[in-house]
Amino acid sequence: MSLLPDSTAFVLPLAMFAFVSSVTPGPNNVMLTASGATFGYRRSVPHMLGICLGGVLMLLLIGAGLGKIFEAEPRIYTALKYVGAAYLIWLAWKIARASSVDQGKSGSRPFSFLQAAAFQWVNPKAWIMTVGIVAAYTPRDDFFVNLLLSALVLGLVNYPSISIWTLFGSAVGRALRTPQALRAFNWLMAGLLLLSLVPIFVEHV
């Protein structure tokens with residue numbers, strides 16, 4: 001007897017949604033671009049794995065019922081969004097101050113796996129993506145089997161999608177020959193990260 005649900009027609013639309021959500025600009029991808037430019041692709045792998053697996057865990061927990069808590073007490077969700085916004089502002093400052101991985105005296109280092117995984121819980125775009133998958137793309141019949149399949153699809157699609165941004169950043173980092181040029185690029189990335197906060201504040205205007 002197959003463990004898969006009778007119909008997996010939702011997988012292709014889900015994969016398309018996961019790809020578009022993963023590959024379009026957002027806090028994760030801006031940070032990965034800056035990390036690729038400053039630290040290179042290889043040193044950014046734990047950051048990417050943390051984003052990918054952290055998002056998968058988030059999807060499973062929301063699907064398992066955590067989302068009901070936020071429906072019952074929306075102030076928790078609102079508080080999380082503003083904590084996330086404050087954290088993103090701090091990250092933008094850290095990115096702007098990063099110069100070169102060769103300048104170890106600055107103490108800068110790439111995100112760890114756990115830092116990146118934990119960050120998903122205060123990342124507004126991660127919430128939109130995971131809640132959207134549970135609400136719109138995971139069939140109610142055989143829900144928990146479909147939820148596991150949805151998590152698998154998200155993980156398989158997310159990692160190569162975000163890798164594009166890290167590779168782009170790494171290529172830019174090699175092209176920027178001076179610390180001044182890399183610093184200017186990181187200031188640009190910090191500005192884009194701040195722009196990603198606009199939807200959070202516009203929503204409550």
Side-chain angles (χ1 to χ4, degrees), residues 13-37 44 46-63 66-67 69-71 74 76-96 110-138 147 150-169 186 188-205:
L14 167 61
M16 293 173 64
F17 174 78
F19 172 73
V20 171
S21 299
S22 299
V23 82
T24 48
N28 281 328
N29 289 334
V30 172
M31 290 164 59
L32 286 175
T33 303
S35 182
S44 300
H47 188 166
M48 290 185 287
L49 288 174
I51 290 172
C52 182
L53 297 182
V56 167
L57 177 61
M58 187 177 183
L59 172 65
L60 291 172
L61 290 176
I62 290 173
L66 185 60
I69 297 175
F70 296 106
E71 290 180 11
I76 298 176
Y77 177 60
T78 300
L80 267 177
K81 287 202 297 186
Y82 283 107
V83 168
Y87 188 51
L88 282 171
I89 292 170
W90 179 79
L91 287 174
W93 174 242
K94 294 286 288 183
I95 289 172
F111 250 34
S112 69
F113 173 86
L114 290 178
Q115 284 175 316
F119 173 68
Q120 303 318 301
W121 292 95
V122 293
N123 178 2
K125 188 180 177 186
W127 277 100
I128 292 170
M129 179 171 64
T130 51
V131 170
I133 289 173
V134 171
Y137 290 92
T138 305
L147 180 65
S150 295
L152 176 62
V153 171
L154 174 62
L156 292 175
V157 171
N158 182 255
Y159 188 87
S161 300
I162 61 177
S163 291
I164 294 171
W165 291 85
T166 313
L167 288 168
F168 170 68
N186 282 338
L188 173 62
M189 293 297 101
L192 291 175
L193 188 57
L194 291 176
L195 281 176
S196 73
L197 294 173
V198 171
I200 298 176
F201 297 106
V202 169
E203 181 181 347
H204 291 85
V205 171

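Along the sequence shown, residues carry numbers from 1. Since this is a predicted model, take the numbers as computed values, not measurements. All heavy atoms count here, side chains included; hydrogens, waters and symmetry mates do not.
Of all the heavy atoms in I133 and S150, the pair that sits closest is CG2-CB, 4.0 Å. Across every non-hydrogen atom of A151 and V56, the tightest pair is O-CG2, 3.6 Å. Heavy-atom minimum distance, P27 versus F119: CB-CZ, 4.1 Å. Smallest separation of non-hydrogen atoms from I62 and T130: CD1-OG1, 3.4 Å. Taking all atoms of both residues into account, the shortest heavy-atom contact from Q115 to P110 is OE1-O, 4.3 Å. Closest of all the heavy-atom pairs between M58 and W121 is CA-CZ2, 3.7 Å.
Taken to the nearest 0.5 Å, the OG atom of S112 stands 11.5 Å off from the CG atom of L49. Rounding to the nearest 0.5 Å gives a distance of 12.0 Å between CG of L53 and CE of M48.
Judged by distance alone, with hydrogens and angles left aside, the side-chain atoms of N29 form a donor-acceptor pair with the main-chain N or O of S22 at under 3.5 Å. A donor-acceptor contact shorter than 3.5 Å is absent between the side chain of N158 and the backbone of A18.
M129 is listed as a side-chain neighbour of L154, based on a closest heavy-atom distance under 4.5 Å. Side-chain atoms of K125 and T24, non-hydrogen and from C-beta on, do get closer than 4.5 Å to each other. Looking at V122 and W127, their side chains never come closer than 4.5 Å, going by heavy atoms from C-beta outward.
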inquiry  = Between L32 and I51, does the side chain to side chain contact (heavy atoms under 4.5 Å, CB included) criterion hold? Intermediate values first, please.
reply    = CA-CA 10 Å; L32 286 175; I51 290 172; 3.7 Å; yes
Derivation and outcome, side chain to side chain donor-acceptor pair (under 3.5 Å), residues S35 and S44 = CA-CA 6 Å; S35 182; S44 300; 2.7 Å; yes
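When the shell of 6.0 Å around CZ of F168 is examined, it contains 12 or fewer heavy atoms from other residues, nucleotides or ligands.
In this structure, Y137 and F17 have parallel ring planes: the angle between them is below the 30° cut-off, well short of the 60° mark.
Paired with W165 under the rule side chain to side chain contact (heavy atoms under 4.5 Å, CB included), one option of T33, N28, V30 passes, and it is T33.
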